[in-house]
Number of protein chains: 2
Amino acid sequence: MKARAYSREHLVRVLRDHDITPTHQRVEIAHALFSRCEHLSADGILTIVNDRAAETSKATVYNTLNLFLDRKLVREVIVDPSRVFYDPNTAPHHHFYNIDTGELTDIDEADVNISGLPQLPRGMMVEGVDVIVRIRSR
Amino acid sequence: MKARAYSREHLVRVLRDHDITPTHQRVEIAHALFSRCEHLSADGILTIVNDRAAETSKATVYNTLNLFLDRKLVREVIVDPSRVFYDPNTAPHHHFYNIDTGELTDIDEADVNISGLPQLPRGMMVEGVDVIVRIRSR
DNA sequence: GTAGTTGCAAAGTGTTTGCAGGCAG
DNA sequence: CTGCCTGCAAACACTTTGCAACTAC
């Protein structure tokens, strides 16, 4: 992903493109997600957004993230039942998960080749393939 | 996995082999998991175990599952943040996840080939690779 | 102006913990 | 007998919801 500092104006356009009314809070949440190349949890986002001045509630963060999810602006990464991460990179890709630190790192899908998956059950289609490589320090 | 009805005596031996005191409840929970080739949630196990007569509490199911996990008798499958499944098949393998029904199906690891994973960060080792193929009806 | 959004607090869900009584060895 | 195990209920962390006030357009 490009490590670009997304401007507020650009984010407003992106939100509109996804049929999301660009309220102040939503722009801030989008900014938190897109301006850094990190995988954030709802709680992490809440902290960042309220870093300077408390202006966004927990409920709004959750509602907004679910909205972004629904509008396919972000993607959920499920690696630990007690930690859901939101990934601003919606292109298909995979992850390293550091089980010691909880850190997530992207793996470009182009690099990875998966072959030999069995036939799908009849009438089914693939929605997506997630690969999680769990790593830890030696 | 062999679709074999595990006897209680056999399970007692298995538990002992894993340094687990084979109490009545633990044997029942192990039986629920191993006697069927399903991926069960804590709640599903609670239901099965108490199907005839209520004799096992929720807390014991959770404690026991965590114990089994720790002793590597079962494995956790994380596909949905609100549903943790316990998999009696500890051999490396992957999963189909039906996002409509929540159903999990095993994929034999021998069939699947993954190539092109990037170098690990320095000093790291792979603990395991999970592949989840999310499917839905067409 | 009006529909959609927000904040707060309360309710929900799945899981863990503290403690008194009970079972395994 | 002794220590580990169990059940219960309370505690917990995370997420969702109901509702009155507010904001985008």
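The chains referred to below are lettered A, B, ... by the order of the sequence lines, with proteins before strands, and numbering in each begins at 1.
Contacts of B/R75 classified as salt bridge (Lys or Arg N to Asp or Glu O under 4.0 Å), with partners at least two apart in sequence or in another chain: B/D130. Residues passing the salt bridge (Lys or Arg N to Asp or Glu O under 4.0 Å) test with B/R16: none are found, sequence neighbours excluded.
Remark: B/N63 is not in phosphate contact with C/dT16, judged by side-chain N or O atoms under 4.0 Å from OP1 or OP2. Under 4.0 angstrom from either OP1 or OP2 of C/dC23 there lies no side-chain N or O belonging to B/Q25. One finds no side-chain N or O of B/R83 lying less than 4.0 angstrom from the OP1 or OP2 phosphate oxygen of C/dG14. When the side-chain nitrogen and oxygen atoms of A/T60 are compared with OP1 and OP2 of C/dG7, one or more of them lie within a distance under 4.0 Å. The side chain of A/T23 places no N or O atom within less than 4.0 Å of a non-bridging phosphate oxygen (OP1 or OP2) of C/dT5.
The interatomic distance linking B/D70 (CG) with C/dT15 (C1') rounds to 17 Å, in whole Å. The CD1-P distance, from B/I45 to C/dT15, rounds to 10 Å in whole Å. Straight-line distance from the CD atom of A/E28 to the P atom of C/dG7: 12 Å, rounded to whole Å. We find that CG of B/L15 is positioned 11 Å from P of C/dG25, with the value rounded to whole Å. With rounding to whole Å, A/N50 atom CG is found 11 Å from C/dG7 atom C1'. Summarising the geometry, the separation between CG on B/D80 and P on C/dT13 is reported as 15 Å, rounded to the nearest angstrom. The separation between B/H24 atom NE2 and C/dG22 atom C1' is 14 Å, rounded to whole Å. One can place CG of A/N66 at 14 Å from P of C/dT5, the figure rounded to the nearest angstrom.
Mapping heavy-atom proximity under 4.0 Å, the span of DNA chain D touched by chain A runs 5' to 3' from D/dC14 to D/dC25.
For the 3.5 Å distance criterion, the side chains of A/D106 and A/H94 fail to qualify, holding no donor opposite an acceptor.
Nucleic acid contact for A/P81: none, since no nucleic acid atom lies under 4.0 Å from a heavy atom of the residue.
A residue-by-residue look at B/A59 and B/I20 shows that B/I20 has its nearest nucleotide of DNA chain D further toward the 5' end. Both B/K58 and B/R16 sit near DNA chain C, but only B/K58 has its closest nucleotide nearer the 5' end.
Ring geometry for B/H93 versus B/H39: interplanar angle of 30 to 60°, hence tilted.
In the set C/dG4, C/dG7, C/dT6, the nucleotide with an atom closest to the side chain of A/T56 is C/dG7.
We find the CD-CZ distance between B/E103 and B/F85 to be 9.5 Å, quoted to the nearest 0.5 Å.
Taking the side chain as every heavy atom from C-beta outward, A/M125 and B/S137 never approach each other to under 4.5 Å.
Heavy-atom minimum distance, A/Y62 versus A/A42: CE2-CB, 3.5 Å.
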